[in-house]
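Okay, so here's the structure we're looking at.
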Amino acid sequence: MAFLFRNKPKSNAELVKSTKELLIRLVEEPKANPKAQTEEELAKNLQQMKTSLQGTPEVEVSPESVHQLLSLIVQEDLLYLLANNIYKLPFESRKDTQVIFSTAFRYKPAGASDPQVLHHVIQYRPEIIISLCRGYDRRESAMPCGGVLREALKYDAIAALLLYDEPTPDGKTRDLASVNPDIASSGEGVFWRFFDWIDKGAFEVSADAFNTFRDILTKHKSLVATYLQTNFDVFFQKYNAVLVQSESYVTKRQSIKLLGEILLDRANYNVMTAYVDSGEHLKIVMKLLRDDKRMINYEGFHVFKVFVANPNKSVAVQRILINNREKLLRFLPSFLEDRTEDDQFIDEKSFLIRQIEQLPPAPVPPPGAPQ
Amino acid sequence: MAVKKEADAYQVLEELGSGSFGSVYKAINRDTGEVVAVKHIDLEATNDELSDIQAEINLLGTCSSPYVAQYITSFVDGVKLWIVMEYLGGGSCLDLLKPGEFSEAHIAIVMRELLFGLDYLHATGKIHRDIKAANTLLSDKGKVKLADFGVAAQLVNFKSVRNTFVGTPFWMAPEVIQEAGYDFKADIWSLGITALELANGEPPHAGAHPMKILFEIPKNPAPRLEGPKWSREFKDFVAKCLIKDPDRRMTAKELLHHTFIKRAGKVEAMCELIERKQMWDLERENASHPKYYEETMVDLSPRTEDEEWNFDTIKTSTVAPARHVTKRRKMARIPSASSDLEGATSKMESMDLNAAPLGTPIDSPRRVSRARGAHRVPSTGTAIRVPSGLTPTARRVSNQPKQPLAVDISFGNSPSTVRFCKRVSSGERRAALSSNPSANSFHPNPQARTFRPSPPSSVHPLDANNENVPPTSNQQSIPVTKEALLGRRAYDKSLDSVFQESLADSAMPHQREAMAKVAQAWSHLDEVDPHGEFMLLKAMVDRLQSDSRLASALGVSVSPVPTPRRESTKPSETMLSGSTAHGTGTTRIRSSTTSTGTGTTSIRNPPGLSASPASTPVQTPFSTPTGTTSTSPLKGPKLVLANNNPHLKSHRRRQSAFVTGEKGVWGNEKLADIDERKLPGHVEKGMEQQGLLQDILYGQWMAGLKSRWPLV
């Protein structure tokens, strides 16, 4: 991996221009004869670009050059081209591309508080973000794209872009300004693709997609709370069916845990109360307690406890709990009883047992609930 | 099932080694004939955040260099994560050290190759953080490769630094120990120590206590290579690596130009060492039976059906759990055809397949048979299906002492030794602090438990946890005395850290030494006799308290604690000893109306509270097994925490949710508390216990290293 200053380094303008041409050649002529040559040239360019943006342990970057290079990249719309074709690049180039994206998205000129490039992307080129998500379609591009996405997801606007994405007739990504958060999602936007990526992808893809999915749902509290309320049924129907009851152990375990995190987040109070009112949800969760995998039991417990601890249980929930009172009281004392060191768990378990013991003999409608 | 196919693509052969995380096997790709090393991680046995493991895989996946052990793929099969790596038949440098030290020529080759590897990693923004002979693997052709990225870190950019305290003490750079922030240069220090290790057979200070080492590395002058048999260049190379100031230490790239490296020979020369090791093994005839791969035999026999939830509002077909033995109560609407239990099982299965709107029934035999099918790998020829009645599971017990391997296979990718003291990610920190993940009720080395996937016990918890066991068997499930648990807890949670703080505070060498001796002795006591440890503590606190002057000076004076609803009832002795577990371990309750200062815990009388659900959570952790969970859980005395007790902050945090729950109103308050508490992994922002975490880490090292360098 010698640093490629053997040939005279290209100027920033040359570099961006030639990279763009090479990329187009790679895309348009997939079988073109000197493919290896194109790739090699492209790899060199991307590496040089990375080095001028990031520096090396030995060489510091020059702010002027970074600014100039990024301006050119934005001008030539190179990011869009890269986002769409990252999987076609050679191994090291994919990583270089990830660095180029991350540096660009983080870039704030001296004194500015806004990440300039990212700002531009949100406003004029949101397609780039959507294309990055599509990186999960392929194993080669999943991880570099995921890394960039999570970097970008530090900003609410990116999460909003993903959540409110809808297919449009002209294929253009929606302008955030035109979004009405009270209109329910069609379930066709890019956000909903994450369920498939997580459930069906190869392990690495699935794991990375899940991390991004979690970032979307946990790092943008008020945004997500609004979104979940508007799309409560679609979201949880899909979440329970695809993730919580997934065939894949990893997906299942992680999504139960995430479910608990979402429900217990203060911002999602309304979502939680709606969730724990549903008898169907309780059934799913109670089945988790009997799963043959201990960690599934454990994660399931932390959702189950919310149902039981709720002092205003819906009639449906009360009915299930009362009908199963004896079974629960037999089951819970020995439930994961080897967790002797886990004080919180033990305390919560005995709390739940008491709550269940104190259930009325027949369901009582909660105060203020519609009869 | 794409997942299944991936596992079937490999024929798994003999075990190469095992560690706390699982086992490493040699395997052959059936399609390509490629020989690989497969690391199996049992995800059920790990309380780690799965994302930590994923992070390691992500890091592996972005490395592609001839100097780094090549990652091939990874996938999940059931609860097992398979990480497929390049097979390196030459063994680790640590293995090759067994017959004797390396010659200078060989060390030069290893160093050069490692520098190439480090240069690659550093150029892509990665720090390995655990360079040592054990993590340096050789191919059978003598190629040297870096392995084990269990603690490696990816830096966001070149200027960022790390603060996490990871690695293996003997090889750790001073700046890592001092937690002053470190970067790539930390690997160069470890490389220098590795050179000494290869030259001398062990790293400097190898005989010393790892805890002591941590204080000595930053304090002492850097170690040097000594002895007439080594060339001036070699000594200079080591000296260049071991410069205490990281800014003056050279980079990997610079060191590649060092004369010592420049004149290093070809990697093929390393084959001499591999052959030497093979001869050595032959001479010692340490060929034992190789361990072959066995499928995990989780007990799949169906539990009897009595305990299926009764969701009476849904259609019968949706609840049909389709178990082999199906017996329902309250299932009046079961179609009569399927109420003929045994005979109708298959019928129910098929019915269940499509009819269950709730998705896959969790315990359906469909899944069972699929799982068996998936595991039908030829290598299971040696697997024995153990009837569930006798041995609950045939799960591989990875914490068994590692058995010697057969001659021809004792090489290869050795398992990571560093998992013992691996990264300190926030996830782990959380795990360490709030949920104590030990799957076993008692582990001989409790300091270690938080940071290591708990070893699968021979009695698998699933079975121990069988729902058919009546709840009355609870008491038997505690294998050791309460006092022992408490003693252990006291050590883990407070004493250990106290020792370390004192050690850090004492400046004079002789003071330090004395302190270190006490700490070590106590650690030994904790290991051998936690029960006695607790009794000792108890006696000490008692005596101190009985002397009023000492008591007040120490802040353990006896003072009444205001408790809103205190009544005077004598608590039972057993409850009390159990209760103290919540405190720091030094807590001792003297009477029902008073409590000791440090672990202030006052006693509250139950009768007045019998209607308050909130009193339950204040029960002791041991109250559950001792029977309070039976129909009248309020009979025992209850404990309340005094408001002014700083030592019990964490306890109160855990409890707070329930204490407010007392109000019986599901208002925002209650919610807020749940929110605070969140999931088990949650940690308060204050992170008061950072010190504790450190201590656990120290304990961790000691545990891990004791196995390699039996202590003084």
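Quick note on labels: first sequence line is chain A, next is B, and so on, each numbered from 1.
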Item to complete: Rounded to the nearest 0.5 Å, what's the gap from NZ on Lys95(A) to SG on Cys63(B)? Could you check?
Response: 6.0 Å
Worksheet item: Is there a donor-acceptor pair closer than 3.5 Å between any side-chain N or O of Glu44(B) and the backbone N or O of Arg294(A)?
Response: yes
Practice prompt. Please state whether the side chain, the backbone, both or neither of Ala207(A) comes within less than 4.5 Å of a heavy atom of chain B.
Written response: both
Practice prompt. Compare all side-chain heavy atoms of Gln54(B) with those of Val250(A) and state whether any distance is below 4.5 angstrom.
Written response: yes
Worksheet item: Can you name the closest pair of heavy atoms from Phe91(A) and Ser64(B) and give their distance?
Response: CE2-CB, 3.1 Å
Worksheet item: Based on non-hydrogen pairs under 4.5 Å, which of Met286(A), Glu204(A), Met143(A) is most in contact with chain B?
Response: Met286(A)
Discussion item. Test side-chain contact (heavy atoms from CB on, under 4.5 Å) on Leu43(B) and Met295(A); report intermediate values, then the result.
Written reply: CA-CA 9 Å; Leu43(B) 298 174; Met295(A) 290 307 292; over 6 Å; no
Response to the item:
Looking only at Gln98(A), Lys200(A), Arg139(A), most heavy-atom pairs under 4.5 Å shared with chain B are made by Arg139(A)
Discussion item. Suppose we screen for salt bridge (Lys or Arg N to Asp or Glu O under 4.0 Å). Which residues come up paired with Arg94(A), at least two apart in sequence or across chains?
Written reply: none
Discussion item. Working to the nearest 0.5 angstrom, can you tell me the gap between Asn211(A) CG and Asn58(B) CG?
Written reply: 7.5 Å
Item to complete: Taking the side chain as every heavy atom from C-beta outward, state whether Phe203(A) and Thr73(B) have any atom pair closer than 4.5 Å.
Response: no
Fill in: Residues which pass salt bridge (Lys or Arg N to Asp or Glu O under 4.0 Å) with Lys154(A), listed by chain and number, not counting sequence neighbours
Glu151(A)
